[in-house]
Number of protein chains: 2
Amino acid sequence: MPRCSACTFASFCLPGGLNRRDIDRLDSVVHGRISLHKGESLYRLGDPVTSIYAIRVGTLKSQVSTQDGRVQIVGFHLPGELVGLDSLVSPQYMSHAVALEDARLCRINLTALRDLAVALPGLYNNILRLMANEVRHDHAMLRTLGVLNAEERLIAFLLSLSARLSARGFAASEFQLRMTREEIGSYLGLKLETISRLFSRLSETGLITVRHRSVKLNDLNGLRLIYEGSSGALASFQNHCLAN
Amino acid sequence: MPRCSACTFASFCLPGGLNRRDIDRLDSVVHGRISLHKGESLYRLGDPVTSIYAIRVGTLKSQVSTQDGRVQIVGFHLPGELVGLDSLVSPQYMSHAVALEDARLCRINLTALRDLAVALPGLYNNILRLMANEVRHDHAMLRTLGVLNAEERLIAFLLSLSARLSARGFAASEFQLRMTREEIGSYLGLKLETISRLFSRLSETGLITVRHRSVKLNDLNGLRLIYEGSSGALASFQNHCLAN
DNA sequence: CGAGCATTTGAGCGAGATCAAACGGAGTGG
DNA sequence: CCACTCCGTTTGATCTCGCTCAAATGCTCG
């Protein structure tokens with residue numbers, strides 16, 4: 001039986017405000033583990049919602065697709081993050097979640113979670129906080145898609161990935177991409193060829209080193225200059241808020 | 001003293017799950033009314049968060065701006081909707097809210113709301129539901145900015161406005177725009193000239209009639225065909241979920 | 001009635017899309 | 001272990017949609 005109290009990522013799944021005793025009680029809402037192979041779906045648009053999921057290992061994407069085949073990826077989910085939050089109060093899933101690589105997850109039973117939350121107001125606050133983070137992320141993405149050009153978008157993506165990875169103890173400036181150029185493009189509202197060209201161009205300037213899926217950010221400050229020159233104090237302000 | 005129980009929009013501010021007795025208790029969290037003139041700010045990025053607001057009359061926008069002056073509008077707020085949800089659990093406001101026309105609002109004290117929510121779990125669920133709606137809306141916008149072309153975006157905007165207005169008892173196919181072409185453009189990731197040209201083009205085809213700020217949707221089905229042809233079953237599915 | 005701002009419309013341009021072709025790495029089967 | 005195949009990636013050439021710059025018109029509100 002998996003136990004939240006022993007989970008490395010517990011503090012990320014359900015940050016702050018809960019004491020050890022409360023976290024122990026959380027174990028009761030985790031109903032089993034799930035393994036997914038690369039490419040498998042965790043859930044599809046319209047499936048009945050009974051659970052959300054915490055990622056132990058692996059990376060997933062959430063996407064919505066259109067009749068004529070255009071796909072918009074609305075989020076990537078890293079180890080330690082939750083999947084399915086966007087459908088928390090919906091009877092059916094609002095998106096399609098797919099594993100980008102082999103993954104293992106904890107299934108969190110929503111009925112049990114709701115019952116427990118009535119007893120633990122601190123848990124409600126945590127859930128609200130997670131939803132608010134989702135909104136914050138989405139607003140940042142709206143800004144990215146709305147006002148940034150292609151190069152700024154890719155840099156925003158790389159910096160955001162770097163921040164999320166380092167917040168979970170991974171290296172901040174050197175990592176493996178788990179997604180294809182096409183998926184990055186879909187996330188950023190660009191085409192895969194454009195992503196490829198941008199990687200080449202950023203490589204030539206020395207700001208980053210890219211070989212296939214492995215990325216190294218050689219000049220974090222230089223990248224931030226391009227990004228923050230466009231996003232202004234806003235990005236750092238939001239990161240500041242995000243921190244507490 | 002304003003009273004939630006007497007508010008026309010109470011069912012939208014805090015939908016379902018609360019009985020009349022609970023709604024009466026909500027009055028205690030409403031701490032006064034606010035009047036804004038066109039162009040005035042309700043709050044600015046970084047202001048300390050003590051309240052969120054329910055719109056009684058008027059329309060507002062939420063925006064984030066960049067150092068070099070580029071502005072991304074992340075939402076328009078109609079009568080009966082809430083403003084400030086994106087900052088619900090943040091110590092400082094994450095965006096800048098401005099009145100598009102003279103407006104009157106109810107101020108909802110967050111401390112009082114949190115205290116009341118501990119006593120009324122149904123209230124927590126309502127708040128979660130509102131946050132989830134925000135996420136749903138943002139994901140729809142991400143799709144709009146990510147995969148739709150200019151014409152599809154404007155039609156998506158008009159249809160969404162129409163749906164929200166008619167849900168609140170206003171006419172679905174004839175209304176006054178409260179925002180400038182530039183603001184529509186900022187919301188949709190387009191320039192004001194593009195918006196103007198698109199309005200002219202849609203007028204020529206007879207799908208809509210535009211004169212200044214007044215818009216008439218002559219052929220809702222025709223518009224939906226263009227939009228759903230691009231967004232597929234998704235839009236109607238999400239509207240279906242939105243309804244309950 | 002006049003000033004300032006919003007809107008419309010035109011002309012030309014450019015960032016990113018599209019179409020096309022070659023390359024390379026990973027997995028599979030002989 | 002190697003050859004083959006498939007898919008992801010890179011790179012080039014050309015096109016196009018929406019942007020930029022510009023000028024005229026028309027509201028709105030003092």
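A, B, ... follow the sequence lines: proteins, then strands. Residue 1 opens every chain.
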field: Side chain R197(A) and base dG12(D) donor-acceptor under 3.5 Å
entry: yes
field: Shortest side-chain distance from E193(B), nucleotide among dT9(D), dT9(C), dA17(C)
entry: dT9(C)
message: In whole Å, I'd like the distance from the CZ atom of R181(A) to the C1' atom of dG25(C).
response: 13 Å
message: Can you see if the side chain of S200(A) gets near the phosphate of dT11(D) - specifically, an N or O under 4.0 Å from OP1 or OP2?
response: yes
statement: Atom CG of L177(B) and atom P of dT8(C) are separated, to the nearest Å, by 10 Å
Rounded interatomic separation in angstrom, taking CD from E101(B) and C1' from dC29(D): 16 Å
- prompt: Whole-Å distance between dT25(D) P and H212(B) NE2?
  reply: 16 Å
message: We want to know whether T209(B) and N218(B) form a side-chain donor-acceptor pair, criterion being a heavy-atom distance below 3.5 angstrom.
response: yes
- prompt: When all nucleic acid strands are considered with a 4.0 Å heavy-atom cut-off, which category describes L190(A): base, sugar-phosphate, or nothing?
  reply: sugar-phosphate
task: Answer yes or no: side-chain N or O of R213(A) and base N or O of dG8(D) forming a donor-acceptor pair under 3.5 Å.
output: no
message: So, does T180(A) get its side chain near the phosphate of dG8(D), meaning an N or O under 4.0 Å from OP1 or OP2?
response: no
- request: Round to the nearest Å and state the distance from E182(A) atom CD to dT9(D) atom C1'.
  value: 11 Å
message: Less than 3.5 Å apart, any donor N or O on the side chain of H77(B) or T59(B) sitting next to an acceptor on the other?
response: no
- prompt: Relative to each other, are the rings of Y43(B) and Y53(B) parallel, tilted or perpendicular (30° and 60° limits)?
  reply: parallel
statement: Rounded to whole Å, CG of L148(B) lies from C1' of dA17(C) at a distance of 16 Å
- prompt: Between K61(B), K191(B), R213(B), R178(B), which is the residue that forms a salt bridge (charged side-chain N to carboxylate O under 4.0 Å, His left out) with E183(B)?
  reply: K61(B)
Nearest-angstrom distance from the residue atom CD of E204(A) to P of dT10(D): 12 Å
query: Do H96(B) and S41(B) meet the criterion of a side-chain donor-acceptor pair at a distance under 3.5 Å?
result: yes
- prompt: Is there a side-chain polar atom (N or O) of R211(B) under 4.0 Å from OP1 or OP2 of dC27(D)?
  reply: yes
task: Mind calculating the distance between CZ (R70(B)) and C1' (dT20(D)) to the nearest angstrom?
output: 15 Å
message: Applying a 4.0 Å non-hydrogen cut-off, can you work out what G189(A) is touching in the nucleic acid: base, sugar-phosphate, or nothing?
response: sugar-phosphate
